[in-house]
Structure formats: structure tokens, C-alpha cells
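Inspection log for the structure reproduced underneath, given as C-alpha cells.
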Number of protein chains: 2
Amino acid sequence: MSSVLPKAARRGLADEAADLVRAAILDGRFPPGAALREVELAAHLGVSRGSVREGLARLEREGLVRGGWHRGTTVIEVTAEDVEEVYVLRAALDRLAATTARRVADEEHLSALDRLVAEMAAEAAGSGEAHRLVALDIAFHDRIYAAAGNGRLTAAWEAIRSQLHLFQLRRVDAARAHYRARVVEEHRELATLLRSGDVRTLARRAEEHVDSARRSLLAGLPPAP
Amino acid sequence: MSSVLPKAARRGLADEAADLVRAAILDGRFPPGAALREVELAAHLGVSRGSVREGLARLEREGLVRGGWHRGTTVIEVTAEDVEEVYVLRAALDRLAATTARRVADEEHLSALDRLVAEMAAEAAGSGEAHRLVALDIAFHDRIYAAAGNGRLTAAWEAIRSQLHLFQLRRVDAARAHYRARVVEEHRELATLLRSGDVRTLARRAEEHVDSARRSLLAGLPPAP
DNA sequence: CCTCCTCCTGATGTCAACATTCGGACAACT
DNA sequence: AGTTGTCCGAATGTTGACATCAGGAGGAGG
């Protein structure tokens, strides 16, 4: 996840399986509501059910899937209520992350943010895949949380990160032009404020940034699913 | 939790194991830093290693234990940095939960809060176990999150709830008299503000409530563990 | 005496088979 | 016809055995 230190931490098959399934969900190969059967996944991924099970538990922690007692695991739906919940929480988390990062971020993190904005600008100018722009968007906020250096805060962010990723992908489908036009400028402003801005202004802008995303997504959603 | 329908949700052995181990940690039978060996727990609880493993994963999601690749699972330490992280995040979450609950809470939740304050007052007057007072403290905030009705927000709260429980137990050890004296009044004020208070005042008081707890805990901790 | 290498021990990671449970199909009953 | 009770299939929950790995004890070499 764009960490500074690759750390080479050896991961188990459970993490591997979680990554594969997560990628499949974000790619749309598992549409919202799809059932994720353990035996099926185990056979397809070439690992045991135990590992798949552990990987699915991880995705459940990320909020990408939901499961119940003897009721299997399914991909979450994207209802207006879900979007509302995630974005309201994200606004509070982003506000805290931004104000904290404003205090403690070092130059390395700040320049990394500038670099990401530059990449976003290049990507938005071209007409490439929208997926890549969304990935850069998420990576930008990953950096802010990393800069804040609060492990629990980062964990809370990671608990909604994947859901947000899924939502943002729908957002570009719904409002592609609008998204491309504003995404670069909004992030550039955030990067500037993080380097040398008033804390209160930064807090307000961080919340507004989320609110902007929420509204543009809700506009393209069915009102009552 | 206090839903109209008890739902009688049947739980698996993993949940059972997680509950047992969590209780043991909060009781002090597993002190901070203690190693939680899977085979040992499995034998002692009378279940298989797989179930214990899944239960430990759940406790890891709650932040009560930490684990690494082939490095086992250990109870978290209580360092000043950990306390700082949890309370800073909690302040942001509590602020959001309180302001949301102020808008959407129904009478049932509000009267439940009053009832909890009354119980706390009765408990603080007597000289019973401090554990019970802390449990009521946590339950009070559980109610606020339930009243807010945001599932993701509640999940974020539950990710630090058990750690907070652990910290608060240390807090009463460190500053027992101070805690008893203030805990009832602070919660009573929060309950009042939730029923009919200015939102901005409520938000400020919610953050101050957390800050008060943080400082009184940090005061009784070793400076550099 | 210190350093490095090797091996060993105890633990976790992984697996495939067994037991339990949910949900719907089907039929009997009212 | 609508409802209730029963049965069956398929998926999950659980288990014990096997494979793999981290960390330290011990000894050879410097």
C-alpha cells in the first residue's frame, strides 16, 4: 500500500487470498450481492478452505463483504444509506488525520503528496482508465494517514478504505467528467494546506472534500434501493 | 444489544472463545505482554485450535492483542503512546456519535442513558468493585453509538472499545478517588446535552470528556516504558 | 571472550475430512 | 388455496494431523 518501507514482511496465504478476492470485487468480477462460496474460491485459488476463510474474515473487517452464522459471505450492496454512513465517518477521520498530519508530517511525506498530485494531473489530462485515477485518489489519502502516524486511526481508515474504493469506482461511472475536472484541484489544495496552511481552514476543507465526493456519488444512485 | 428483538443469534465457538479470552485479559489473568499460545488455550477451553485461532483474530480486530507472521499472539502493552492514539481517535468518534445522536436519537435511547447515569450514581456512592463502574461507563457510550445508528461508526468504536476498557481499568487503579468523583457528573451532563442541548456545546463537551479521561490516565503511567 | 554458524525445539501456518446448520422443495393437513 | 411440517441438498462450522517457520541453545572457529 505505497508504504515507504517495503519491509518484506512475509505474508501468509490468507493475505494472498484476501488480496485476490478484493481485487476481483473491485474489478467488478464479483458484483454487489454476489455470494462468495468458500469451496469455490478455494478450488479456484488453489489453496485450502481454511486460508480462504481467514481471508474472507479479513475482507469482512474491511467492510467489503458481509457474513452471518451459516449464511455464507456476500459482497456488500451499495445503497444510499451505506454511502451516507461511510462518508460521514470518513469526514470525521479525514479531519483528524489532516490536522494531525499538519503538526507532525515530515518533508518526505509532504513531497510524496506533491508527487501524487502530479501523477493525478498527468492521468486526468490523458484519457486512460478511470481506475488508475481512483487508485491515486485513495493512495493520496493513504499518505495523509501514514503521515499522521496514529496506528489506530490508520486502522479505522483501512476499515472503510476498500468500501470507499468501491464507491469511488461507481462515482466515476456516474459522474466521470465532473470527477476528472475537480479531483486534481481539490487534492492539490489539500496538499498545499498540509504543508503550510491554517489548521482550521484545513479541517474545514478536509470535510468539504469528503462532502463533495458524497454528494456527487449520491446524485448518481437510485433513491430507494 | 437491547434491541427489541433479542434475535437469539446463535454464535459459533470462535465467538465463545473470543469472549472467554477477552474476559480473562480484562480480569488481569493475562497481563499485558503475555503470550497467548493457541494449543494451550485450545486445551484449556476444550475447543479446537482452529476455533481459538479465529477467536484470536477477532480480538486482534478489537486491538486487544497483537500478532505477527509465525510470531504468535500477545496481549498489548499499555504505553503512553498507545493511550494517546486511542484517546485521540476516540475524541473524534465520540464527537461524531454525540452530534449524530443529538439529531436522530429516540426517547427509548435517551431514557436508557438516564437510567445508566442513575446506576452509576448508586454505584459510585457505595464502595463496591470499581470494575462495575467502568462497565457502566462503557455501556453509557455504547448507548450513544447505538443511538447514532451508524453501523460503520459503531464498528470503529468497537475496534477501540476493548482497549479503552483495559485502559479505564488501569485508570481507576491510578486515580480511583478522582475518577469516582467526576465520572457521574460528567456523564449526567452529557445525557442532558444529548436530550436538549446546543450541538456545538455538545461537541465540545464530548471531546473534553475524553480529554479528561486521557489526562487522568496518563498522569498515572510511567513516562518512558 | 566474542562471533558466527548449525541444529533443534516449540510454536504457528496449512490442509483435507467430519459434523452441523440453513433454506427451500415437497407433500400432507386444515 | 393457504398453511404447516418434514426432508434433502449444499454450504458453512469444526476438528486433528501434517508442513513450515522463528528464535534460541550449543559448539566450532577466530
Side-chain angles (χ1 to χ4, degrees), chain A residues 5-25 29-77, chain B residues 3 5-22 24-25 29-77:
Chain A
L5 268 283
K7 287 187 79 174
R10 294 185 72 174
R11 306 160 349 124
L13 289 185
D15 297 77
E16 213 83 38
D19 287 349
L20 261 358
V21 175
R22 186 191 305 113
I25 293 176
R29 295 210 304 277
F30 288 120
L36 302 175
R37 276 173 290 272
E38 296 179 356
V39 280
E40 206 173 278
L41 292 174
H44 192 276
L45 298 178
V47 299
S48 156
R49 257 190 64 211
S51 302
V52 169
R53 189 181 178 73
E54 204 168 323
L56 286 179
R58 214 154 300 195
L59 292 182
E60 196 175 351
R61 169 176 10 180
E62 296 178 14
L64 253 191
V65 303
R66 277 193 168 133
W69 172 266
H70 265 294
R71 218 167 305 171
T73 309
T74 57
V75 181
I76 61 166
E77 308 273 358
Chain B
S3 67
L5 269 283
K7 288 188 80 175
R10 295 184 68 176
R11 306 158 351 121
L13 289 185
D15 296 80
E16 215 82 39
D19 287 349
L20 261 358
V21 175
R22 187 191 306 111
I25 293 176
R29 295 212 303 275
F30 288 119
L36 301 175
R37 277 174 289 274
E38 296 178 356
V39 279
E40 206 172 281
L41 292 174
H44 192 276
L45 298 177
V47 298
S48 155
R49 255 191 64 212
S51 303
V52 169
R53 188 181 178 74
E54 205 169 323
L56 287 179
R58 216 154 299 196
L59 293 183
E60 195 175 351
R61 169 176 5 179
E62 296 178 14
L64 255 191
V65 303
R66 278 195 166 131
W69 172 265
H70 266 293
R71 216 166 310 171
T73 309
T74 57
V75 181
I76 61 165
E77 307 273 359

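Chain letters run A, B, ... following the sequence lines, proteins first and then strands; every chain starts at 1.
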- Message: Measuring only between side-chain heavy atoms, which start at C-beta, is A/Thr73 closer than 4.5 Å to A/Glu60?
- Response: no

- Item | A/Leu41 and A/Leu36, any side-chain heavy atoms less than 4.5 Å apart | yes

- Message: Within the structure provided, determine whether A/Leu64 and A/Val21 are in side-chain contact (heavy-atom separation under 4.5 Å).
- Response: no

- Note on the structure: The contact string for nucleotides 9-19 of chain D, one letter per nucleotide 5' to 3', using protein heavy atoms under 4.0 Å with B, S and - for base, sugar-phosphate only and none, comes out as --SBBBBBB--

- Out of curiosity, B/Glu54 CD to A/Arg53 CZ, how far, rounded to the nearest 0.5 Å? 4.5 Å

- Query: Is any side-chain heavy atom of B/Glu16 less than 4.5 Å from a side-chain heavy atom of B/Val47?
  - Reply: no

- Message: Just so I know, are the side chains of B/Leu59 and B/Glu62 near enough to count as touching, which here means a heavy-atom distance under 4.5 Å?
- Response: yes

- Query: Under a 4.0 Å N-O cut-off, is there an ion pair linking A/Arg66 with A/Glu77?
  - Reply: no

- Message: With heavy atoms of chain B within less than 4.0 Å as the criterion, where does contact along DNA chain C begin and end?
- Response: C/dA11 to C/dT21

